A.B. asks: 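Dropping the structure in here first, questions after.
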There are 2 protein chains.
Amino acid sequence: MEKVPRPVIRRLAVYLRCLSNLEEKGVQVVSSKQLASMLQIKDSQVRKDLSYFGNLGQRGSGYDVKKLSQKLREVLGLYKTWSVIILGAGNIGKALANHKRLEQNNFKIVAVFDSDKQKIGRQIAPGLKVRNVAELEQFIKENGADIAVLAVPAAVANELACRLEKAGIKGIVCFAPTTLQCKIPVEYVDITVFFKTLAHTIVNSSYNI
Amino acid sequence: MEKVPRPVIRRLAVYLRCLSNLEEKGVQVVSSKQLASMLQIKDSQVRKDLSYFGNLGQRGSGYDVKKLSQKLREVLGLYKTWSVIILGAGNIGKALANHKRLEQNNFKIVAVFDSDKQKIGRQIAPGLKVRNVAELEQFIKENGADIAVLAVPAAVANELACRLEKAGIKGIVCFAPTTLQCKIPVEYVDITVFFKTLAHTIVNSSYNI
């Protein structure tokens with residue numbers, strides 16, 4: 001399979017969300033036009049994105065919702081449950097630990113760590129007590145974990161990324177505003193980017209400010 | 001100016017973050033190669049992205065950090081302070097209300113609303129008490145607001161989006177997993193997309209799972 005550009009992968013994840021909504025409603029077939037309108041993009045873009053993965057639809061009759069959904073799950077690596085640990089029990093860590101849609105999408109939060117003694121031992125979400133980050137390696141060794149979330153200040157993110165890499169974590173979702181110096185895959189989340197993109201759209205659209 | 005694709009705009013926001021870090025360190029000139037390595041992308045991509053906005057660098061001598069930073073701020077509409085209201089005082093609303101980097105980037109949270117009587121009146125962040133969503137229109141009329149964040153369940157998101165549009169809000173950042181039926185610009189944030197993209201990278205990289 002040829003290498004799929006990251007913006008395409010991001011859209012696949014959104015298609016999948018739309019398909020799940022359709023499946024829940026009992027819809028069996030969807031056109032590229034319908035998918036496009038749900039994402040507010042062009043239908044030619046939808047067809048181009050999905051063409052990376054072979055011939056998934058029939059000309060004129062649209063895509064089978066269930067089959068397409070299955071294929072996208074496979075492409076995105078969602079056929080297994082990913083165990084996730086969160087580093088940082090602040091507001092972002094707490095929001096993630098309680099984010100039901102993560103588990104619904106096969107990302108299971110198995111532990112939350114912090115270095116703050118005020119936070120260690122506290123219940124942060126149903127079934128999740130904050131652990132001491134000193135026990136990080138021990139926990140991973142005993143329980144295993146696939147993905148780590150860095151919801152910590154930028155100043156300590158790199159040191160923790162090194163520890164995670166050494167401990168065998170396979171990838172990091174990083175909320176800290178910094179670039180990590182590690183070799184495992186990292187997905188950066190910068191919430192301000194969404195606000196900036198929106199600001200750009202507002203000032204460049206016909207809407208007056 | 002020709003229409004700039006959204007993935008480019010997203011990267012501009014990330015370039016800006018890198019430039020701010022460099023400015024703080026007193027760095028005056030940056031090459032496309034340095035910027036590229038901070039984003040883990042190709043330097044040709046950086047040059048292509050920035051070429052949308054005229055000739056910002058000199059061949060061989062890189063970009064002036066201050067000037068480029070200023071230009072990107074202008075392009076992104078960050079020359080003014082955007083006032084932001086948050087709808088939903090749950091975990092996500094709370095994390096955003098306390099997210100210092102929003103205000104540092106000229107997005108000022110001016111109010112938080114909820115319909116839950118248990119939450120109304122509570123202090124959610126320094127200087128921010130949760131208001132009754134019934135007072136939404138009144139607040140916007142009296143204080144003005146540019147951007148609204150929907151951190152509410154999908155089931156009520158659309159109804160609120162309509163109210164926001166009527167009340168004169170210019171754009172929405174939507175954390176609810178749904179597509180809004182409004183005409184103002186919307187930026188959708190789906191945290192699970194970052195996890196899915198990472199999962200894809202992990203299963204498709206040489207790293208074993």
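A, B, ... follow the sequence lines: proteins, then strands. Residue 1 opens every chain. Not measured: the values here are computed from a predicted model.
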A.B. asks: Looking only at heavy atoms and a cut-off of under 4.5 Å, which of B/A13, B/G77, B/A199 has the most pairs with chain A?
C.D. replies: B/A199
A.B. asks: CG/A/N91 to CG/B/N91 distance, rounded to the nearest 0.5 angstrom?
C.D. replies: 8.5 Å
A.B. asks: Under 4.5 Å heavy-atom distance to chain A, tell me which part of B/L180 shows up: side chain, backbone, both or neither.
C.D. replies: backbone
A.B. asks: Less than 4.5 Å apart, side chain to side chain, heavy atoms only: is that true for A/P5 and A/Y52?
C.D. replies: yes
A.B. asks: Hey, mind stepping through B/R73 and B/S20 against side-chain contact (heavy atoms from CB on, under 4.5 Å) and telling me if it holds?
C.D. replies: CA-CA 11 Å; B/R73 254 175 239 286; B/S20 303; 3.7 Å; yes
A.B. asks: For chain A, which candidate among B/L12, B/L78, B/V14, B/L16 shows the most heavy-atom pairs at distances under 4.5 Å?
C.D. replies: B/L78
A.B. asks: So do the side chains of A/N204 and B/V4 get within less than 4.5 Å of each other, counting heavy atoms only?
C.D. replies: no
A.B. asks: For A/R11, what residues pass the salt bridge (Lys or Arg N to Asp or Glu O under 4.0 Å) criterion, not counting sequence neighbours?
C.D. replies: A/D49
A.B. asks: Looking at chain B, which one of A/I172, A/V186, A/T197 has the largest number of heavy-atom pairs inside 4.5 Å, strictly under?
C.D. replies: A/T197
A.B. asks: Is chain A contacted by the side chain of B/I92, its backbone, both, or neither, given a heavy-atom distance below 4.5 Å?
C.D. replies: both
A.B. asks: Any side-chain heavy-atom pair from A/Y63 and A/V29 closer than 4.5 angstrom?
C.D. replies: no
A.B. asks: Between A/E137 and A/R163, is there a salt bridge with N-O shorter than 4.0 Å?
C.D. replies: yes
A.B. asks: I need the contact set between residues 94-120 of chain A and chain B: heavy-atom distance under 4.5 Å, sorted by residue number.
C.D. replies: A/K94, A/A95, A/L96, A/N98, A/H99, A/R101, A/L102, A/N105, A/F107
A.B. asks: Taking the side chain as every heavy atom from C-beta outward, state whether B/Q28 and B/K66 have any atom pair closer than 4.5 Å.
C.D. replies: no
A.B. asks: Are any non-hydrogen side-chain atoms of A/I124 and A/I86 less than 4.5 angstrom apart?
C.D. replies: no
A.B. asks: Identify which of B/I191, B/T179, B/D190, B/V84 forms the greatest number of heavy-atom pairs closer than 4.5 Å to chain A.
C.D. replies: B/D190
A.B. asks: Can you name the residues of residues 145-158 of chain A that have some heavy atom under 4.5 Å away from a heavy atom in chain B?
C.D. replies: A/I147, A/V149
A.B. asks: Counting C-beta onward and ignoring hydrogens, is there a side-chain heavy-atom pair between B/V46 and B/L39 closer than 4.5 Å?
C.D. replies: no
A.B. asks: Going by heavy atoms in the side chains, are B/Y188 and B/V173 under 4.5 Å from each other?
C.D. replies: no
A.B. asks: Check side-chain contact (heavy atoms from CB on, under 4.5 Å) between B/K33 and all other residues, then give those that pass, not counting sequence neighbours.
C.D. replies: B/S31, B/D43
